Amino acid sequence: MKYNNNLLRVLAITVCAASLISSCKPKNAGSAVDAGAAAKAYVPPGKYDQFYNFVSGGFSGQMSVYGLPSGRLLRVIPVFSVDPEKGYGYSEESKPMLNTSHGFVPWDDLHHTELSQTNGEIDGRWVFGNANNTPRVARIDLTTFRTAEIIELPNSAGNHSSPFITENTEYVVAGTRFSVPPDNVNGDVPINTYKQNFKGYISFISVGKEDGKMDLAFQIECPGVNFDLSHAGKGKSHGWFFFSCYNTEQANTLLEVNASQKDKDFIMAVNWKKAEEYLKAGKGRKVAAKYARNRYNEKSHTATSEILNEVTVLDAKELKDICYFMPCPKSPHGCDVDPTGEYIVGSGKLAALIPVFSFDKMQKAIADKAFEGEFEGIPVIKYDAALHGEVKKPGLGPLHTEFDGKGFAYTTFFVSSEVVKWNIKDLAVVDRVPTYYSVGHLCIPGGDTKKPTGQYLIAYNKITKDRYLPTGPELAQSAQLYDISGEKMQLILDFPTIGEPHYAQAAPADLIKNRSVKFFKIDENTNPYVAKGEPEAKVVREGNKVHVYMTSIRSHFAPDNIEGVKLGDEVYFHVTNLEQDWDVPHGFAVKGAANAELLIMPGETQTLKWVPNRTGIFPMYCTDFCSALHQEMQGYVRVSPAGSNVPLTFSIGTNKPAADPVPAAAAPAK
Ligand code: RUQ
Ligand code: CUA
């Protein structure tokens, strides 16, 4: 009997959830952009864009960079996924970047981008990204647009509430989506012991003021729930962090039903300044953990990976005044803080309203102990005690909110496919525009900082059905650009994105473009296999390892004829690009290599490993069209049988065609 009732309830909820999850098409779907509006996104050929837009690549594991307002794709930065275009994850130098405690991991799922800040404003130094699957945080250096560092997070799984940042980049913070048994206990427990055994960890990664280097400063152990998103406090709320939590039901199966039971889940407020005090007072406990930290050195052009073994953990249950829960309807996703730091917006995916909390009221509620009880040992503040108010009937399926710095908030609605503009003070809805379709995140340049620019808004859509020419079963996701400088939002441009865009941020181009590195100085190259000029080019045998110290310059490699390689050898082509000029990369590829090409920037050395599996002549060539004689930029490697006595030789320009007849390659090689 009980079973039947439950089944009916499950079915009813499933049906209702299914209708919520599939999106509705806006009524005025086909509406086009008129020429006047489109002109606003027009950047004439040869002119620069006003903003760099850093867009997460979702399941591509990469981050793409667009110019705004044109929507031009400027670059794809490989972060958590190998990228054959750039040799990232394929060259010997870059492979350690993708090392983890699980070994080499060639892929991940990057959801959120976050630009570094100084005084609560974007400073244009670094952009951070999260790996969702094998929990990691990456730092990308915006002088080179390359991944400079990746740190793994222990005690975590599904690093979704990440990487959000404090107003002086003191910390990059990461909350685990999946709670799991911590790494230092036996995790071999029944899955349905979630309530007893599963914990949620919040990681605080410190960032070096000058060099940006990341360290796992501490973690806070919290009750087992799903942490979804977060944002730091700012201004008056600097020192606090806010996390949306769902699955406070602590379900371990069929979450679409079982984690949608309660009317309210939580936003967790974390007093990280207090946590720092406890840390100083020695209240943290050191626990064993195993996690990788990988750094790329721009002088040696080489990454190194180290495995770290310990992390300091603070217990939120014991240290009562670092974490507080605020009830938040219903399965909150986005958790966003307005530019003043006073208002905290929780977007409940299944809620018919948007709650806006007041930091001042929350502080008062804590001081007055206006609690409605505890959840797993953490005080729960009374909903009304911390609430500033609710935005009524805003739309269906709210996900994320950003701010324009003029007193308005903009929230995306996945189910009703729209962006809704509302007044932060009186909570009145003042405008709404359709998106095409099912918008997830949005970005206003500076929209989560103290100083939003308030000129453009970009919506990142999950579904583009009928917006682009069909390309088979899979269609590109899209970004849509709106002018929000006036009272009404106006759509001015659509552009496709790479992978699924989740969060994105944008920075004024002026903060970044003048600091962009144009090439690496060859004199400063400390790669152990560098050849700083053609006279240093050589081939050296060490047992079965053959090291080719090779140079490239328009339009030849040195050496370009190599003989004496034998089956069973491992050949390492260490290619140094000798150019000292902007925009002159050379590439390198050799036939049969089970590897990607190399793309070597001026002044840089990169290494391709090749293990030939047959005898013969193997051409190699430059893969990047570098000069009028690019097609001449080639060479040959001769591979002989294992026992052969062909001596190891290398040359360029001297080994001309023989004048006398030479033995033809008559007999098939063994
Ligand atoms: S998510 S579409 Cu940030 Cu991964 Cu909200
Ligand atoms: Cu070098 Cu083409």
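In this chain, residues are counted from 1 in sequence order. Because the structure is predicted, anything quoted here is derived from the model rather than measured.
Under the 30°/60° scheme for interplanar angles, the aromatic rings of H333 and H160 are found to be tilted. Relative orientation of the Y171 and F218 rings is perpendicular, given thresholds of 30° and 60° on the angle between their planes. Using the six-membered ring where Trp is involved, H112 and H502 have ring planes that are perpendicular, over 60° apart on the 30 and 60° scheme. Aromatic ring pairs are classed by plane angle as parallel below 30°, tilted from 30° to 60° and perpendicular above 60°; the pair F128 and W126 is perpendicular. Using a 30° and 60° split on the angle between ring planes, Y52 and F145 fall in the tilted class, from 30° to 60°.
Cation-pi geometry between R467 and Y436 is satisfied (NZ or CZ under 6.0 Å from the ring centre, within 45° of the ring normal). Geometric assessment of K264 against the ring of Y383 yields a positive cation-pi assignment under the 6.0 Å and 45° thresholds. A cation-pi arrangement is present between K349 and Y246 under the rule of less than 6.0 angstrom and at most 45 degrees off the ring axis.
Looking at T411, T401, L457 one by one, the single match for side-chain contact (heavy atoms from CB on, under 4.5 Å) with V419 turns out to be L457.
Side-chain contact, N130 with E114: no donor N or O sits under 3.5 Å from an acceptor N or O. Between the side chains of D123 and T118, a donor-acceptor pair is found at a separation under 3.5 Å. Between K234 and Q117, the side chains place no donor N or O within less than 3.5 Å of an acceptor N or O (distance only, hydrogens not considered). Judged purely by distance below 3.5 Å, without hydrogens or angles, the side chains of D228 and S244 never pair a donor atom with an acceptor atom. Looking only at atom types and distance, the side chain of D360 has no donor-acceptor partner in the side chain of S358 under 3.5 Å away. Residues N159 and S156 bring no donor and acceptor atom of their side chains to less than 3.5 Å of each other. In this model, no donor atom of one side chain and acceptor atom of the other lie less than 3.5 Å apart for S116 and T169. At a cut-off of 3.5 Å, with distance as the only test, a side-chain donor of S416 or E418 sits close to an acceptor on the other residue.
Distance alone, capped at 3.5 Å, places no donor-acceptor pair between the E390 side chain and the L353 backbone. T147 places a side-chain N or O within 3.5 Å of a backbone atom of P78 that can act as its donor or acceptor partner. Judged purely by atom type and a 3.5 angstrom limit, K451 has no side-chain atom pairing as donor or acceptor with the backbone of I122. Looking at E152, its side chain never comes within 3.5 Å of a backbone N or O of T134 through a donor-acceptor pair.
Side-chain contact between W272 and V173 is absent, with no heavy atoms from C-beta onward closer than 4.5 Å. Considering only heavy atoms from C-beta on, Y410 stays 4.5 Å or farther from T412 through its side chain.
Between T449 and G120, the shortest heavy-atom distance links the atoms CB-O, 3.1 Å.
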